[in-house]
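Predicted model only: the values in this text are computed from it and were never measured. Residues take their numbers from the sequence shown, with the count starting at 1.
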Amino acid sequence: MSADERGGLGDRLSRMRRSFRGWRGQRPFWGGLLTLLGGIPIMYFPYASIPLGALTISMSTTAGAGSLIIGVLLVVLGLTLWFQLQSRVFAGVAAILLALVSLVVSNFGGFVVGYLLAMIGGALGVAWVPDKSGDAPDKSGHAKDAKSSQNAESAQDTVDAVDAEPAAAGAANSSGGTADDASGAGPTNDGTNGRHSAG
């Protein structure tokens, strides 16, 4: 493999890693993953049999169908947390409830492993909130900074207000003058931005 091929493969892998990181940041990824993984031991253990030498231990119960349904539903809810963001609260609450039911139905929730994974995953799905700070990248790939744009707008308003003050003062002086001008005793304004000349 040449250096160019290795460089091209490295660039491709880094692009894929960046795009996956962006995809992962826009959804409750870990909540969905833990919920999905929690469904696997719940649906597996009721149908499993462990051989110990000449002895085979079968863990199947009369509630094997219920365990299978709960496990499959948890896998589906984990995928829902990834791909249906508007349903994330429902999917998280449903995962928590199914994990609680699995304690009774499925060998203590897949020997507590599936129960804990599904409970934590559902809680993470309910608690996840999308980022609304305005820092999402635009089409050109540059991040929009809402605070800097607000600061620029407030600075522009301040400059406009400072520019408007001399104009307002000049308009007031040209329209009627001041009390000092009327008496003739004080300094007069010659209209040069507040500089007064005596006499």
Side-chain angles (χ1 to χ4, degrees), residues 9-53 55-147 149-150:
L9 181 62
D11 290 343
R12 197 175 319 128
L13 287 175
S14 66
R15 269 198 315 270
M16 289 171 58
R17 190 166 51 91
R18 280 195 304 270
S19 65
F20 174 70
R21 187 182 298 160
W23 178 84
R24 189 184 68 192
Q26 297 170 356
R27 64 202 72 242
F29 176 77
W30 295 110
L33 182 65
L34 291 177
T35 303
L36 191 147
L37 291 177
I40 294 172
I42 289 174
M43 68 178 154
Y44 171 74
F45 285 128
Y47 294 97
S49 57
I50 300 173
L52 289 175
L55 183 67
T56 300
I57 299 174
S58 178
M59 291 180 285
S60 61
T61 62
T62 57
S67 300
L68 181 64
I69 291 170
I70 290 172
V72 169
L73 284 175
L74 284 172
V75 170
V76 169
L77 289 172
L79 294 173
T80 302
L81 286 172
W82 282 352
F83 298 109
Q84 296 291 328
L85 295 181
Q86 63 272 17
S87 303
R88 70 184 182 278
V89 175
F90 166 76
V93 171
I96 291 170
L97 292 175
L98 285 173
L100 289 171
V101 170
S102 73
L103 279 174
V104 179
V105 173
S106 175
N107 293 334
F108 296 110
F111 296 115
V112 187
V113 175
Y115 163 75
L116 288 176
L117 289 173
M119 283 289 286
I120 295 170
L124 288 174
V126 171
W128 185 84
V129 177
D131 186 18
K132 295 181 180 176
S133 65
D135 294 337
D138 56 6
K139 290 181 181 177
S140 63
H142 297 94
K144 297 176 186 175
D145 192 355
K147 290 183 180 179
S149 63
Q150 289 175 353

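- Rounding to the nearest 0.5 angstrom, the gap separating the OG1 atom in Thr80 from the CZ atom in Phe90 is 8.5 Å.
- Other residues, nucleotides and ligands contribute at most 12 non-hydrogen atoms within 6.0 Å of the CH2 atom of Trp30.
- In this structure, Ser102 and Met119 have side chains that are not in contact, with every pair of non-hydrogen atoms separated by 4.5 Å or more.
- Contact between Gly110 and Ile42 at its shortest, heavy atoms only, is N-CG1, 4.1 Å.
- In plain terms, the two heavy atoms of Val113 and Pro41 that are nearest each other are CG1-CG, 4.3 Å.
- The CZ atom of Arg24 sits 11.5 Å away from atom CH2 of Trp82, with the distance rounded to the nearest 0.5 Å.
- Between atom CZ of residue Arg88 and atom CG of residue Leu77 there is a gap of 15.0 Å, rounded to the nearest 0.5 Å.
- Counting heavy atoms from C-beta outward, Phe29 and Phe20 have side chains that approach closer than 4.5 Å.
- Nearest heavy atoms, Ala118 versus Ala99: CB-CB, 3.6 Å.
- Taken to the nearest 0.5 Å, the CG atom of Leu98 stands 10.0 Å off from the OG1 atom of Thr35.
- Contact annotation: the side chain of Ser106 never approaches that of Leu68 to less than 4.5 Å [non-hydrogen atoms, C-beta and beyond].
- For the pair Val75 and Met43, the tightest heavy-atom approach, listed with the atom from each and the gap, is CG2-CE, 3.9 Å.
- Atom-to-atom distance recorded for Leu33:CG and Leu117:CG is 9.0 Å, nearest 0.5 angstrom.
- Summarising the geometry, atom CZ belonging to Phe45 is positioned 11.0 Å from atom CD1 belonging to Ile40; distances are rounded to the nearest 0.5 Å.
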